[in-house]
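Heads up: the structure comes next, in structure tokens.
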Amino acid sequence: MGQIYADLAKLRDRYSSLSSKNIRAFPGASGYNLDELLDENGFNVARALVGSEGTCATVVAATLT
């Protein structure tokens, strides 16, 4: 598991009581798809980061297959 996955899982676990209650109150309002990090949504890091517009992670290299 990559470092970003581990850190996001820790963050989700730490604040899960807050996020699971309130995260759907403002779907997409902030641009961050934080609900994608919830277990019921499959902990989809790619979908969570796509809305952050580079503020949470920067891709420095990618390989297309």
Side-chain angles (χ1 to χ4, degrees):
M1 180 184 284
Q3 188 65 43
I4 193 166
Y5 282 83
D7 290 345
L8 286 171
K10 286 179 193 174
L11 189 66
R12 179 211 50 208
D13 293 343
R14 180 181 296 163
Y15 297 105
S16 63
S17 64
L18 296 174
S19 63
S20 62
K21 291 178 185 174
N22 299 314
I23 201 164
R24 288 173 198 80
F26 305 102
S30 67
Y32 295 93
N33 301 323
L34 298 177
D35 59 322
E36 295 294 343
L37 298 177
L38 299 175
D39 284 333
E40 60 262 27
N41 293 329
F43 192 70
N44 192 322
V45 173
R47 286 185 179 182
L49 292 179
V50 78
S52 71
E53 299 177 359
T55 60
C56 291
T58 301
V59 176
V60 294
T63 303
L64 301 176
T65 57

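Only this structure's heavy atoms are used, side chains among them; waters, hydrogens and symmetry mates stay out.
Here the side chains of L11 and L37 are not in contact, with every heavy-atom distance at 4.5 Å or above.
The CG atom of L49 lies 6.0 Å from the CG atom of L8; values are rounded to the nearest 0.5 Å. Atom CG of residue N44 and atom CG of residue L38 lie 11.5 Å apart, to the nearest 0.5 angstrom.
Contact record, F43 with Y5: CZ-O, 3.6 Å, taken as the closest heavy-atom pair.
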